[in-house]
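We name chains A, B, ... by the order of the sequence lines, and we start the count at 1 in each one. Computed from a predicted structure; not experimentally measured.
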Amino acid sequence: MRINIGNRLWLKKVVSGMWYDTKSSHLLNTWRRQCFWLVTAQRRKGSAGSRWQEEKSEDGVKWKQLEHKGPYFAPLYEPLPDEVHFYYDGKAMKLSLATEEIATFYGKMLDHEYTTKEVFQNNFFNDWRKEMTVEEKKIIKHLNKCDFTEIHKYFVDKNEARKALPKEEKQKLKEEAERLQEAFGYCILDGHREKIGNFKTEPPGLFRGRGDHPKMGMLKKRIMPEDVIINCSRDSKIPEPPPGHKWKEVRFDNTVTWLASWTENIQNSIKYIMLNPSSKLKGEKDWQKYEVARRLKEVVDKIRFQYRFDWKSREMKKRQRAVALYFIDKLALRAGNEKEEGETADTVGCCSLRVEHIQLHRELDGQEHIVEFDFLGKDSIRYYNKVPVEKPVFKNLQLFMENKDPGDELFDRLTTSTLNKHLQDLMDGLTAKVFRTYNASITLQEQLKVLTNAEDNVAAKILSYNRANRAVAILCNHQRATPKTFEKSMQNLQTKIDAKKEQLAVAKQELKRAKADAKVRKSVKSKSNVDKKKKLLAKLEEQLMRLCTQATDKEENKQVALGTSKLNYLDPRISIAWCKKFGVPVEKIYNKTQREKFAWAIDMADEEFEF
DNA sequence: CATGCGACTTGCATACATTGTG
DNA sequence: CACAATGTATGCAAGTCGCATG
């Protein structure tokens with residue numbers, strides 16, 4: 001392993017209080033392995049940003065020691081009480097345990113929109129019948145003759161009862177959860193106790209895909225210890241499977257970071273138990289990600305020049321690649337891998353765009369060369385955007401669309417794999433998603449510069465921060481459903497604003513009167529009264545302003561989700577530096593979990609940090 | 001080179017906890 | 001102090017990307 005840490009970092013091992021020579025790679029390795037989160041790394045004044053990268057680490061080793069308790073398994077099914085019935089064709093029917101369990105999955109979801117969808121119903125019924133006994137199968141032939149309402153009611157009631165539990169009972173449940181967290185929620189990694197991200201297996205239930213998923217409603221089977229692969233160190237205490245059970249396999253693979261895995265039966269994909277983002281392993285990876293993005297900053301101009309050049313290439317392949325890269329760069333589109341048809345919802349990213357997803361307008365609303373995008377991206381979130389593009393891009397798009405059907409691929413000579421190979425040639429470690437990280441982070445930095453007012457109070461600065469954050473979220477198309485309470489809380493705010501305006505009007509009147517009074521009487525008392533009224537007026541005006549900005553903020557944030565960009569795309573050091581520079585407490589920007597996740601950045605960044 | 005698999009990151013929804021307010 | 005509003009944690013689906021395989 002080679003770490004290029006430059007001469008700008010001091011490392012301080014806090015435990016012992018010793019200072020380490022940063023040039024010693026042995027100590028660096030020790031440092032990296034054992035005390036990452038206890039180390040403060042600071043930059044010397046006047047240098048241009050800290051940086052360290054590693055070459056492919058020696059044979060991909062991720063840890064030396066790993067010990068844990070294995071996953072916590074979802075609780076077993078509890079049969080329904082005798083008085084809760086399932087009816088088929090109007091007649092009460094006692095179901096076998098397995099059949100009943102699956103019936104409860106459906107019953108629980110009855111008031112969800114999902115259950116009205118035909119695909120969901122068919123998939124569910126199909127899978128349900130597979131688990132029925134021969135007798136049940138003979139009777140239960142149509143879903144529309146099944147009556148789950150009693151089952152549904154039972155669970156609704158149960159939920160209510162749980163909510164209405166006395167305080168002590170709730171406390172007990174909480175303590176039980178904490179006990180579980182203590183017992184299963186941590187592992188020992190290279191001598192340090194680290195929090196695990198997800199230590200429970202996923203409970204059985206009905207699969208709910210996003211968007212128009214062809215597999216919605218299918219039965220997600222219960223995970224048994226016999227399905228689970230355990231990964232730990234050879235010399236650690238190997239986790240005990242639950243009594244009477246065996247693990248599928250125990251392996252000792254220190255080139256991967258997961259603690260346990262199993263194969264899920266819907267998509268046949270592997271699920272993992274991994275560490276919490278606060279862990280050293282994840283933190284370092286995160287740091288590395290932003291360092292790659294910062295390296296892109298150094299070469300992005302060259303790359304932009306290059307793809308503009310490639311727009312004129314004789315090779316169609318190259319042209320497609322160059323136009324796609326332009327979109328990825330300019331619009332922060334995702335790469336867009338190929339997907340197996342019929343297995344997942346029909347969504348696309350850049351490379352998998354189809355002709356039907358864009359419309360070309362030579363002129364629109366007084367602008368030239370407009371591309372209108374309309375497609376479903378990740379999680380079936382709609383991407384809709386009208387963008388003016390440079391003329392060669394427009395011409396190329398016309399060319400790519402010639403003689404194609406709406407369902408044909410726009411970039412038929414391009415795959416994510418060839419694109420990424422190309423990017424790798426342009427810069428070590430460069431892939432399509434790095435552009436998203438880079439553009440998100442650089443946008444935040446720029447917007448913060450533009451929007452922050454040093455004279456503002458903390459609240460106003462935070463508003464500016466949120467605005468900058470929002471600019472990024474919009475760039476990355478991070479959307480959310482309008483909160484259910486949105487209209488109402490907006491109304492409440494409006495009521496407050498109206499009331500404030502009323503107060504303000506009254507205060508103005510009073511000031512006027514006081515002034516008039518002071519003019520006539522000229523007494524000290526009446527003068528001080530004027531001052532008092534003036535002060536009140538100013539206070540009210542400020543309060544009104546604050547309410548109005550709050551309302552704007554809320555309105556603008558209606559359908560924008562800030563969380564994803566904050567957690568995954570914005571180099572936290574930008575935010576930390578901003579906080580330090582403008583005297584905003586970090587806690588106002590990052591909550592406890594976020595501060596844990598970004599501990600590395602909090603240690604590292606000073607106000608001079610530049611992305 | 002197409003395809004599938006494995007590992008890991010990213011993403012939204014919802015459940016739950018805490019805080020603010022009448 | 002109850003209840004709504006808001007903030008945080010959890011859940012798990014759905015991406016990206018590298019690599020093995022034929």
Is there a donor on the side chain of A:Arg480 or the base of B:dC12 sitting less than 3.5 Å from an acceptor on the other? no
Of the options C:dC12, B:dC8, C:dG15, whose atoms approach the side-chain atoms of A:Pro203 most closely? C:dC12
If you check the A:Arg251 side chain, which of C:dC12, C:dA14, B:dA7 turns out closest? B:dA7
To the nearest angstrom, how far is A:Ile270 atom CD1 from B:dA7 atom P? 5 Å
Phosphate-side-chain proximity, A:His213 and C:dA14, N/O vs OP1/OP2 below 4.0 Å: yes
Which of these nucleotides, C:dA14, B:dC8, C:dT16, is closest to any side-chain atom of A:Phe207? C:dA14
When A:His112 and A:Tyr272 are each assigned the nearest nucleotide of DNA chain B, the 5'-most assignment goes to A:Tyr272
Select base, sugar-phosphate, or nothing to describe what A:Lys282 touches, counting heavy atoms under 4.0 Å on all strands. sugar-phosphate
A:Gly377 vs A:Gln594, nearer the 5' end of DNA chain C by closest nucleotide: A:Gln594
Nearest-Å distance, CD (A:Glu284) to C1' (B:dC8)? 16 Å
Please state whether the phosphate of B:dG11, meaning OP1 or OP2, lies under 4.0 angstrom from any side-chain nitrogen or oxygen of A:Tyr569. yes
Measure up the A:Phe120 and A:Tyr114 rings against each other and bin them: parallel (under 30°), tilted (30 to 60°), perpendicular (over 60°). tilted
Starting the side chain at C-beta, find the nucleotide from C:dG18, B:dC8, B:dT14 nearest to A:Lys285. B:dC8
Base, sugar-phosphate, or nothing: which does A:Ile381 touch, judged by heavy atoms less than 4.0 Å apart? sugar-phosphate
Would you classify A:Thr257 as touching base, sugar-phosphate or nothing, given that sugar-phosphate means primed atoms plus P, OP1 and OP2, and contacts are heavy atoms under 4.0 Å? sugar-phosphate
So, does A:Gln479 get its side chain near the phosphate of B:dC12, meaning an N or O under 4.0 Å from OP1 or OP2? no
Can you label the angle between the A:Trp600 ring and the A:Trp287 ring as parallel, tilted or perpendicular, going by 30° and 60°? parallel
Among the nucleotides C:dG11, B:dG11, B:dC16, whichever has the atom closest to the side chain of A:Arg162 is B:dC16
Tell me, do A:Leu219 and A:Phe105 make a side-chain contact under 4.5 Å, heavy atoms counted? yes
Does the side chain of A:Lys433 get closer than 4.0 angstrom to OP1 or OP2 of B:dT9 through an N or O atom? no
Identify whether any heavy atom of A:Gly336 sits under 4.0 Å from a base atom; if not, whether one sits that close to sugar-phosphate; answer base, sugar-phosphate or nothing. sugar-phosphate
Distance flag, aromatic centroids of A:Phe207 and A:His213, threshold under 6.0 Å: yes
Report yes or no: does A:Arg480 contribute a side-chain atom to a donor-acceptor pair with the main-chain N or O of A:Lys558 at less than 3.5 Å? yes
According to a strict under-4.0 Å criterion, is A:Ser269 in side-chain N/O contact with OP1 or OP2 of C:dA14? no
So what does A:Ala481 hit on the nucleic acid, given a heavy-atom distance under 4.0 Å: a base, only sugar-phosphate, or nothing? sugar-phosphate
Figure out the OH/C1' separation between A:Tyr590 and C:dG7, and round it to whole Å. 17 Å
Measure the shortest side-chain to side-chain distance between A:Thr344 and A:Gln267 over non-hydrogen atoms and say whether it is less than 4.5 angstrom. yes
Among the nucleotides C:dG18, C:dA13, B:dC12, whichever has the atom closest to the side chain of A:Ala561 is B:dC12
From CG of A:Asn469 across to P of C:dG7 the rounded distance in Å is 14 Å
Check whether any side-chain nitrogen or oxygen of A:Asn420 sits under 4.0 Å from OP1 or OP2 of C:dC17, and answer yes or no. yes
Between A:Lys554 and C:dT6, is there a side-chain N or O to OP1/OP2 distance below 4.0 Å? yes
Let me spell it out: for each of A:Asp253 and A:Leu567, pick the nucleotide of DNA chain B with the closest heavy atom. Which residue's pick is nearer the 5' end? A:Asp253
N/O (side chain, A:Arg208) to phosphate O (OP1/OP2, C:dG11) under 4.0 Å: no
Output the single nucleotide from B:dG11, B:dA7, C:dG18 whose closest atom is nearest the side chain of A:Asn568. B:dG11
To the nearest Å, give me how far apart CG (A:Asn591) and P (C:dT8) are. 4 Å
When you check the phosphate oxygens OP1 and OP2 of B:dC1, does a side-chain N or O of A:Ser417 lie under 4.0 Å from one of them? no
Cationic N near anionic O, under 4.0 Å, A:Glu315 to A:Arg413: no
May I ask you to decide if the ring planes of A:Phe327 and A:Phe373 are parallel, tilted or perpendicular, using 30° and 60° as cut-offs? perpendicular
Below 4.0 Å: OP1/OP2 of B:dC8 and any side-chain N or O of A:Lys62: yes
For A:Glu202 and C:dC12, what is the distance between atoms CD and C1' respectively, to the nearest whole Å? 5 Å
Note: for A:Lys592 and A:Thr416 on DNA chain C, the residue whose nearest nucleotide lies more 5' is A:Lys592
What is the distance, rounded to the nearest whole Å, between atom CZ of A:Arg210 and atom P of C:dA14? 7 Å
For C:dA13, take OP1 and OP2 only and decide whether either is under 4.0 Å from a side-chain N or O of A:Lys271. yes
Contact class for A:Gln267 vs. all strands (heavy atom < 4.0 Å): base, sugar-phosphate, or nothing? sugar-phosphate
Please determine if a side-chain N or O atom of A:Asn337 lies less than 4.0 Å away from the OP1 or OP2 oxygen of C:dT16. yes
Does C:dT16 have OP1 or OP2 under 4.0 Å away from a side-chain N or O of A:Thr431? no
Across the strands shown, which category fits A:Lys215 at heavy-atom distances under 4.0 angstrom: base, sugar-phosphate, nothing? nothing
A:Lys378 NZ to C:dC17 C1', in whole Å, measures 13 Å
Phosphate OP1/OP2 of B:dT10 contacted by A:Lys289 side-chain N/O (<4.0 Å): yes
A:Asp571 side chain to A:Tyr290 main-chain N or O, any donor-acceptor pair under 3.5 Å? no
